[in-house]
There are 4 protein chains.
Amino acid sequence: MGIQERRQREKEARRQSVLDAARTMVLERGFNGTTTKSIAERCELSEATLFHYFRNKDEILLSLLFEGIAYTADLLDRIIAADLPPEERLIRVWKTYDLIIREHPEYVHMFGYLARPQATMNISAEVKSEIAGASGDNFRRLATILKGVVTDGEERIAADLLWGAFIGLRTLRETRQNLGASALPRAREMGRVFEMLAAGLRTGPSEGRE
Amino acid sequence: MGIQERRQREKEARRQSVLDAARTMVLERGFNGTTTKSIAERCELSEATLFHYFRNKDEILLSLLFEGIAYTADLLDRIIAADLPPEERLIRVWKTYDLIIREHPEYVHMFGYLARPQATMNISAEVKSEIAGASGDNFRRLATILKGVVTDGEERIAADLLWGAFIGLRTLRETRQNLGASALPRAREMGRVFEMLAAGLRTGPSEGRE
Amino acid sequence: MGIQERRQREKEARRQSVLDAARTMVLERGFNGTTTKSIAERCELSEATLFHYFRNKDEILLSLLFEGIAYTADLLDRIIAADLPPEERLIRVWKTYDLIIREHPEYVHMFGYLARPQATMNISAEVKSEIAGASGDNFRRLATILKGVVTDGEERIAADLLWGAFIGLRTLRETRQNLGASALPRAREMGRVFEMLAAGLRTGPSEGRE
Amino acid sequence: MGIQERRQREKEARRQSVLDAARTMVLERGFNGTTTKSIAERCELSEATLFHYFRNKDEILLSLLFEGIAYTADLLDRIIAADLPPEERLIRVWKTYDLIIREHPEYVHMFGYLARPQATMNISAEVKSEIAGASGDNFRRLATILKGVVTDGEERIAADLLWGAFIGLRTLRETRQNLGASALPRAREMGRVFEMLAAGLRTGPSEGRE
DNA sequence: AATGAATGAGTATTCATTCAT
DNA sequence: AATGAATGAATACTCATTCAT
């Protein structure tokens, strides 16, 4: 057990160092700017060695995505476990999002990538549904948290709204920053969106508009 | 006058056909997937001819962006000109967004592109501030529309929230579609987010949370 | 005769304006940097019109060469006609070279171009021998001038040496200038080489070294 | 030590084979005619592999230049070390030039390239001054050799004249060859120019002509 | 296990030239 | 006569990936 296990652990450690490098590159240079060469340089391995640990460049990048999903899942599970009263849950969700964006900004970044049509073309159907499943689970977790917070039956849509607003505002902020335009402070923005949605979520729709 | 004018119009038409091709490609294959070759094939011109009408690939793509901004500006100006009562304005904004996404989906798509760090690196400082200016004008238009709809002084942030939620939900929807996961119907989603935000916008923040 | 002649003259004038533009471009941007586009812009004609007056880009550039050859021929003929005593002829040659380089620097420049192997590949055999003939005539003129100046039978080689040293020093000077290195003043250089060659030319070879 | 050293040597050998190919191409097709594709074909590597060994096409071509400069430096140093009497030194310089043109004809060829205005535009200021420095050193070496051979204080200009005449005659010869015109035998030409210059160098200028 | 070497398939852009009007 | 439109063939350089050692 000794040697084999150690090897396994070393291998895992090396995989992680590749992922760390990839994470940094994705944030610094964006998705297409992240070349295998730049990852290799960053983690001080040769380009060829990367392919020892990952089949594809895509596998590296998707691993990053799954990490983000898992990280989010864990945080949401903690909220569920905390069993808080409805009025505190939304605040916790916000704080969680805040944490995610600080610890795994690349995860949020990657959502934008997956939205692009040709981005998912090379991904196998199985992996696709794996992502869909894992990500869907998180939305279900969020819906669970929102039970009692929003009108019954609206949990799913509320979950989408919350995450959608979150990544949309992030995109807007990044765009402004890239263009050299001024942007509102993040906390203010996010705080306000949650308050607004909260008010709406509590009220519920006055009438069906479709 | 006759000949010259007709030529001018023909040239403009040809430019438009290039832009149409580019628009389609951006939607089909995303930003980086849109090669000059693919644009050329699509509009049945040679690659070299593209450079007869546009200096750069960037000039093509940025033209698309400016078109979208101008299209949006026009729609928002109409809302302002309509001089509606506060309770109807938010609905008009929603309908406007709905129109934009139907007529110029690539415009929304491109916002995601501009958020990526290395995306704007090749854009000159002047063009950048031109984009920032034109886009900023639209946010100011939106803020004008929201005057009276939201708590005084909250118009700017409300404008950001509205647009942020819009593009975020769009991203979420696209992602789900790419992954083969099911998504809520768009109208339902958008209707609900506006209702929720509307409720919050009217109430205003209970306290400053920062 | 009126109309046709005027037309002919206008055509010739336009040809000249193209050549003037080409001359300037060759000097400013070198041989390969001289594009048909840049010539067209310079003489305010469309690119296509250039091909009305010249079959090829090469024809334009070669016309420049022939101009230079003719200009040189004329100057050398004047020296011959002046019928000067041997001791003054070399000085006149030097002054002539000085004039050529001032009035037609591109001519000297082009000699470097013709030395490159693939440069003459596209030139037809007839044009090649035309150039060779015209240029050879000038060397014969120079040899005539050197009769009595140098040892009998050495006129041909002396002519080559004079011109060779002239274009070589010019190349050296240009190179230094391009590299930002300092160079001796031209007059000093050229004066000295002529003095040196003159001394040697008068002396004649002490022995055959081959 | 063994493996690493062998690898290093193999790499160097491969670099050399690229340089050899480039050298041949420069001579066959000239500077601009030397494409990365043609180099790659010549040394039977893929184009991409070229960029494994050299950053740029320029780096390849400049390596050729530096090789030529170094080769010349070495030969001149040997003359200096030989400590010959003045009357023999000029002959040695001539023989050296003869050797250079046989072993590194591309070096002489490249001097013509560097003289063209836009040729050096892409070269960084540092590399430029590196070239200027290394080349300048060779001229200083030559000047050292000419001490005692020419009038005191005239060594620098004499060095320029020697090299200038050398590359000028080479250009003239190449031009004639390209045009299919007959040229004098090289040895005769060069021998004569050295004799002539030698006579003048010994005599010195009768008066300052500027 | 780790890597240097090697590469096929791109990728935006340039250029001399042709042709219909 | 003059030109706007159009293009085939190049061109330097990039990138993810494979393979022998």
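Reminder, nothing fancy here: chain letters follow the sequence lines and each chain counts from 1. As the structure is a prediction and not an experimental result, all values here were calculated from the model.
- Taking the side chain as every heavy atom from C-beta outward, C/Arg14 and C/His52 never approach each other to under 4.5 Å.
- Residues A/Glu106 and A/Leu64 share a closest heavy-atom pair of CG-CG, 4.2 Å.
- Other residues, nucleotides and ligands place no more than 12 heavy atoms under 6.0 Å from the NZ atom of D/Lys37.
- Of the two residues contacting DNA chain E, namely C/Asn56 and B/Asp58, the nearest-nucleotide position lying further toward the 5' end is that of B/Asp58.
- Using a 4.5 Å heavy-atom cutoff, the side chains of C/Gln16 and C/Glu67 are in contact.
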Exercise for the section: Under 3.5 Å for both distances, Watson-Crick or G-U wobble, that's the pair rule; now give the dot-bracket for DNA chain E, with | marking pairs to another strand and [ ] for crossing ones. Expected result: .||||||||||||||||||||
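- Comparing D/Lys57 and B/Lys11 by the nucleotide of DNA chain F that holds the closest heavy atom to each, the one mapping nearer the 5' end is B/Lys11.
- Near DNA chain F, meaning a heavy atom under 4.0 Å from it, residues 37-55 of chain B has B/Leu45, B/Ser46, B/Ala48, B/Thr49, B/His52, B/Tyr53 in order of number.
- Residues C/Tyr53 and C/Glu59 have side chains not in contact (no heavy-atom distance under 4.5 Å, counting atoms from C-beta outward).
- What separates CD of D/Glu59 from C1' of F/dC13 is a distance of 14 Å, to the nearest Å.
- Shortest non-hydrogen contact noted between A/Thr36 and A/Phe51 is CG2-CZ, 4.1 Å.
- As judged by a 4.0 angstrom heavy-atom cut-off over every strand, B/Thr35 is placed among residues touching the sugar-phosphate backbone only.
- Among the heavy atoms of the strands, none lies under 4.0 Å from A/Arg7.
- Boundaries of the chain C contact region on DNA chain E are E/dC15 to E/dC19, first to last in 5' to 3' order (nucleotide atom under 4.0 Å from a heavy atom).
- Minimum heavy-atom separation, B/Asn178 to A/Arg116: ND2-O, 3.1 Å.
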